[in-house]
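Heavy-atom basis, side chains included; hydrogens, waters and symmetry copies ignored.
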Amino acid sequence: MFSLVGKIAHMTGAAHGIGAATASMLVQAGATVIASDIVDFTGSGPNVQTEYLDVRVEDDWVRVSDEIVRRYGRLDVLVNNAGTTGFDIAGAHDPEHASLAGWRAVHATNLDGVFLGCKHAIRVMRPTGGGSIVNISSRSAMVGIPRAAAYASSKAAVRNHTKTVAMYCAEEGLAIRCNSIHPGAILTRMWEPMLGDGPDRDQRIAALVADTPLRRFGTPEEVAAAVVFLAAEESAYMTGAELTLDGGLLAGSAATIRG
């Protein structure tokens, strides 16, 4: 485990899934964590402070960021994790039939939220001269997703903005690093409607990961471990980089060996 002892970290979208696992692992690594979300939830342990934060609202970012500085004096790590697939919004998500309102709603959370997070992280990290921003993008940032056009577009923009933030901070002479993580199929509650709890659950899982070379879902903890690495000083020479956790999916097609 890389050490984050004494670090102050802000984790968005922390109520469940990747966010909850990452907040927990940041604490295990020694950090004090501000865990924020748009839903009510309870953080676990004395080193977790929960906050309400709608990542689409700049006033929320100002309030939470200023409170972190007031309480702890600085911010060392920001993890922009809050996001939406958009599937909870009624209607189609393909390029032909998606509504403009649906398109904008997905981008408001996935892209505007990351923009605002980076903006205010730079502001509060600037006085100390350094920090680490980790943006959770997606494998979908690198390929077309026919039935999730807004999601793919927003995550591709996060990938690019990460590099822009990294270059800007370096140009400003700040040791503020910005990197992105691109998970593939991670087994969170988002998948539960497709998997169900019936006797064919294992078969459904196998079918969904059949094209993944490692033939399984990833876990939230595997994403969390990558976040901890990018937050720690051991990755101090990494900025504007991207880590893909997709079981080898983007590396090529899984081969069937016969013999």
Inset, instruction - Establish, from distance only, whether the side-chain atoms of R104 and H107 form a donor-acceptor pair under 3.5 Å. - result: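 Absent: no donor and acceptor within the cut-off.
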Inset, instruction - Taking atom types as modelled, find out whether T188 and H16 have a side-chain donor-acceptor pair closer than 3.5 angstrom. - result: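 There is no such pair between these side chains.
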Legend entry - Sub-4.5 Å side-chain heavy-atom contact between Q49 and Y72: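 In short, these two side chains touch, coming nearer than 4.5 Å.
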Inset, instruction - With the side chain counted from C-beta on, respond yes when L26 and M11 share a heavy-atom pair under 4.5 Å apart, and no when they do not. - result: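 The answer is yes, as the side chains (C-beta and beyond) meet within the 4.5 Å cut-off.
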[atom1]/[X] to [atom2]/[Y] distance, rounded to the nearest 0.5 angstrom?
X    : Y    : atom1 : atom2 : value
S138 : Y151 : OG    : OH    : 3.5 Å
I34  : T12  : CD1   : OG1   : 12.5 Å
R215 : I205 : CZ    : CD1   : 15.0 Å
M238 : L243 : CE    : CG    : 4.5 Å

When you measure from the side chain of [X] to the backbone N and O of [Y], does any donor-acceptor pair fall under 3.5 Å?
X    : Y    : value
R204 : G198 : no
N179 : A241 : yes
N135 : R159 : no
K155 : I136 : yes

Legend entry - Connected via hydrophobic side-chain network under 4.5 Å: I38 and I89: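 No, because I38 and I89 fall into different hydrophobic clusters, even though each may have its own neighbours under 4.5 Å.
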Inset, instruction - Give the ring-plane orientation class for F87 versus H93, where under 30° counts as parallel, over 60° as perpendicular and anything between as tilted. - result: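 Perpendicular, since the angle between the ring planes exceeds 60°.
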Legend entry - Minimum heavy-atom distance between T212 and L249, given as atom pair plus value: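 Nearest pair, atom of T212 first, then L249: CA-CD1, 3.9 Å.
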Inset, instruction - Check step by step if salt bridge (Lys or Arg N to Asp or Glu O under 4.0 Å) holds for D112 and K119. - result: CA-CA 10 Å; D112 295 355; K119 174 182 178 179; over 6 Å; no
Legend entry - Note: E51-R71 ion pair, threshold 4.0 Å (strictly below):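 No, no charged N to carboxylate O under 4.0 Å.
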